[in-house]
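Chain A is the first sequence line, chain B the second, and so forth, proteins listed ahead of strands; every chain is numbered from 1.
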Amino acid sequence: MSSTVADTAKKRMRFVLLLSILLLVIIAGRLFWVQGINPAAAAKEAADTRNRVETIAPTRGSILDKNGNVLAVSVDRYDLVVDQRDQKDTIRRKARDGSNSRERISWEQAIKELAEVLDQDVDELTKAIRPQDGAKPKGYVMIAKSVTPEVRNEVMEIGIPRLNSVLRSERQYPQGVIAGPLLGFVRNSEDQKGVVGAEGLELSQEDHLAGTAGKRKFEVSADGVRIPTTELEETPAVNGQDVLLSIDNDIQYVAQRAAEAKQKQFNAEWATVIVQEVKTGKLLAIGDSAELDPNNPGATEPEFRRSVSITRAFEPGSTGKAAIFAAAIDQGKVKPLDEFKVPNKKTFTKETINDSLPHATYDMTAAGIFARSYNTGTVMVGNQVSKQTRYDYMRAFGLGTPIDVGLNGASAGQLAAPETWDRRQQYTTMFGQGYSQTALHTASIFQTLANGGVRIQPSLIDGYRNEDGSISEPAERKETRVVKESTSSEMLKLMESVVESGTGTKMKIPGYRVGGKSGTGQAASAKGYDGYTYSFAGVAPLDDPQYVVVATMYRPQGNWRNFTVADTFTEVMSHTLNTYNVPPSTSDSEAYDVFVGEEQKKPW
Amino acid sequence: MSQRAQRRVQKNAAMTAQPVVDGSAARAVRPEPVSASDLKFADTPQRVTLSLVPRINETNKRSMVVTSVVMVMLFVAVIVALVLMNTSVAQRQYDIVSLRNQERALSQENQALLKDAQSLSAPQALARKASDLGLVAPGAPGLIDLSEGKITQPAEEAVKGDKNATNYDTLPLPGEIINGSKKAKAAEEKAKSTTPETTVGKQTSEKPEKAAAAETKPETVERKVGDDGRPVFTEGELNGGTIPAPTMKSPTD
């Protein structure tokens, strides 16, 4: 009996052993098959069928004004796409009356309902949705672009089969035309899934706004459902930073409106108003007369899709005298009360310089020449300084270099080197002719003069807000001293003389001491000088300068005697002073006498 | 010298209690089993007795049945647990999807409402509302020097109605066609475009504006404009003030 038991045990053992070996061989064979013969392909195939990679699109950052008002924001929109293939003759759908029943409707009815929701023509829509007389059905027909989620839901309820909605991001500018040319606009990205900047800040701040796309990698089972236990590899998307502007949308509105009103009043080619903070160089507003609604940039003429304040250079005219007077005073060559005999017409090295209006020969102070803006007197003052020195000052004030505030297409203007100035140009450059600059250059010059002689690079961007709410500072703004502090305070007195008793008496603002300089430049075209540029650059309050406002009007039409930008300046400046609760001036005027002697009221 | 270790047999091992003889196959000489504790070095190698595994008795058989039943039950339990887990995971997936949709719907609604609020608070929209109510730009403020107790700057009165030079109501509202655009050109472009344009996409942006315009415009149309260019309000509307108070809309409106 013992041998039978042992035999059975032995047999069993052998069977188990054989079975094990067999299984091992099968497994080894399979292993060899998978690992030995083209293992990479097998592994790849397996991974490919399991792994799914999804791109997580980042949200484009918003653009906000100084007070946190949203100027540009990205929102969800849907494109509606229909597949014309394999469609049946009727549509079966869930009844739309809220009951649980199902109903069958005709295509005509469905298209009619759709046309109503989309506000489109029924025939047009029928053409898009149904293949037309025997034409090959298309697999992809766009029937509506960027509709709101509400509309999309309603369309989905109509129940047209094979009608899909594709989620996309759309850029919206809730405030419409406010700061339009500054914000710029966007275009669709190459893959049509999002937007990228095309102009203005949207373009220049693309790196900050765009963000970084994330990735989600996971494994799915054969039925396409994610395998819950597998490891999820996820790189979260980094949303774009919000760009915080120094623009104040209220001031911007006032500036834009004033510019537009001025442009309309004289049927000018364009008008702009710039508001800049003296102490920081930050721009509070750049108002252009031409409107650009970034929601629909196509409605605006191409040349006005960028801000003319930075793209259009013109001969500044008398506002340009400020830099020359500052240079002469800074060099110690001229003092504000130095006396000059100013005729209506004077010839310097064979070049005759005359004033716009004939006037008697006056005994004037240097400040008076500035206030009454006589070209002849300006040349007398400017001649005290060499042309190289004048050129150096003009460069230091920022002329001849484009001002980068984050807007593309900034014009450098034209400022030739002094060696190339011709005989007349060496004089005309003293009173704002023979070189060109943008309105922003003017603002920057007056900011420098009002800020104790320190020029701060103008800027539009206050900072960047990260996703976690922290604020990153923009690159350090360049500060350069252009003139001495004493020169700056003298220049403010000179500017006050302009408003007190010179060409700028209409620029007074009740309660505040205002200084500035008006300018009339000749506008050149291919036909020669055939138009004018009117401008006024002003600073207030003079006891502690806070704001610079530059109003410019290019090529007004009509009677030139009426041309003025005074109301534009006063309106925007007083609004700004009001908005920021700037206390009225308490000190007395420091304006200089215009004429030598007691008599100050002399005919123009 | 051979150091072959002797088989260790535990003293109380079952085999030591089993008889190793069975019938005629019994061996005459039966070496004494060596207890593991008594192992000692011997000069001559000693054979250790082998013995068979004890037979399965009744108790063992019963335990076999119990074991298999337990195993089967375990197996069933595992399967049931797996099925339950799978269902719950699937259910969670559905929950996640529906919650995601809900989140998206809410954030979209939020977006739309925010947009409306932002558009309504745009400076030009406020200005238009104000001008509809007959508000005008102020005159210059009066100033009083407190140290001297003098009026340094007399206040200017605001100019009423249309005579006021400052017209705040000029910039287009968000969603309106901009001034100076060539509508004909736009229409032409529209005709050229192969993708049918829909105005609906911008409906949420326009709707509140239109609604706002619709709300205020009939008022201004119905309302008589006074001699001074201001709209005329009823006593009830003004309630003692100079312009009607804002009306609150319920969210269901």
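Within a 6.0 Å radius of NZ in Lys10(A), no more than 12 heavy atoms belonging to other residues, nucleotides or ligands are found. For NZ of Lys264(A), the number of neighbouring non-hydrogen atoms (other residues, nucleotides, ligands) closer than 6.0 Å is greater than 12. Applying the 6.0 Å contact sphere to CD1 of Ile151(B) captures no more than 12 heavy atoms from other residues, nucleotides or ligands. When the shell of 6.0 Å around CD1 of Ile144(B) is examined, it contains 12 or fewer heavy atoms from other residues, nucleotides or ligands.
At a 4.5 Å heavy-atom cutoff, the contact between Tyr78(A) and chain B is made by side-chain atoms alone. Contact of Leu171(B) with chain A is made through backbone and side chain together, with heavy-atom distances under 4.5 Å. Residue Gln118(B) touches chain A through both its backbone and its side chain, counting heavy-atom pairs closer than 4.5 Å. With a threshold of 4.5 angstrom between heavy atoms, Arg92(B) does not approach chain A through any atom at all. Heavy-atom distances place no part of Ile509(A) under 4.5 Å from chain B, backbone and side chain included.
Summarising the geometry of Glu156(B) relative to Pro510(A), their closest heavy-atom pair is OE2-CG, 4.4 Å, with the distance given to 0.1 Å.
Just one residue in the list Asp250(A), Ile251(A), Asp248(A), Asn69(A) forms a side-chain contact (heavy atoms from CB on, under 4.5 Å) with Pro123(B), and that residue is Asp250(A). Looking at Ser119(B), Pro174(B), Ser121(B) one by one, the single match for side-chain contact (heavy atoms from CB on, under 4.5 Å) with Pro174(A) turns out to be Ser119(B).
Looking at residues two or more places apart in sequence or on another chain, you find a side chain to side chain donor-acceptor pair (under 3.5 Å) between Ser74(A) and Arg171(A).
If you take CD on Gln175(A) and CG on Leu173(B), they are separated by 11.5 Å, rounding to the nearest 0.5 Å. Atom CG of Asn249(A) sits about 9.0 Å away from atom CD of Gln124(B), to the nearest 0.5 Å. If you take CD on Gln108(B) and CZ on Arg152(A), they are separated by 7.5 Å, rounding to the nearest 0.5 Å. Put simply, CZ on Arg77(A) and CD on Gln111(B) are 7.0 Å apart, with the number rounded to the nearest 0.5 Å.
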Discussion item. The test is side-chain contact (heavy atoms from CB on, under 4.5 Å); show your working for Asp76(A) and Arg104(B) and say whether it passes.
Written reply: CA-CA 9 Å; Asp76(A) 288 351; Arg104(B) 183 169 285 283; 2.9 Å; yes
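The shortest distance between side-chain heavy atoms of Pro584(A) and Gln153(B) does not fall below 4.5 Å.
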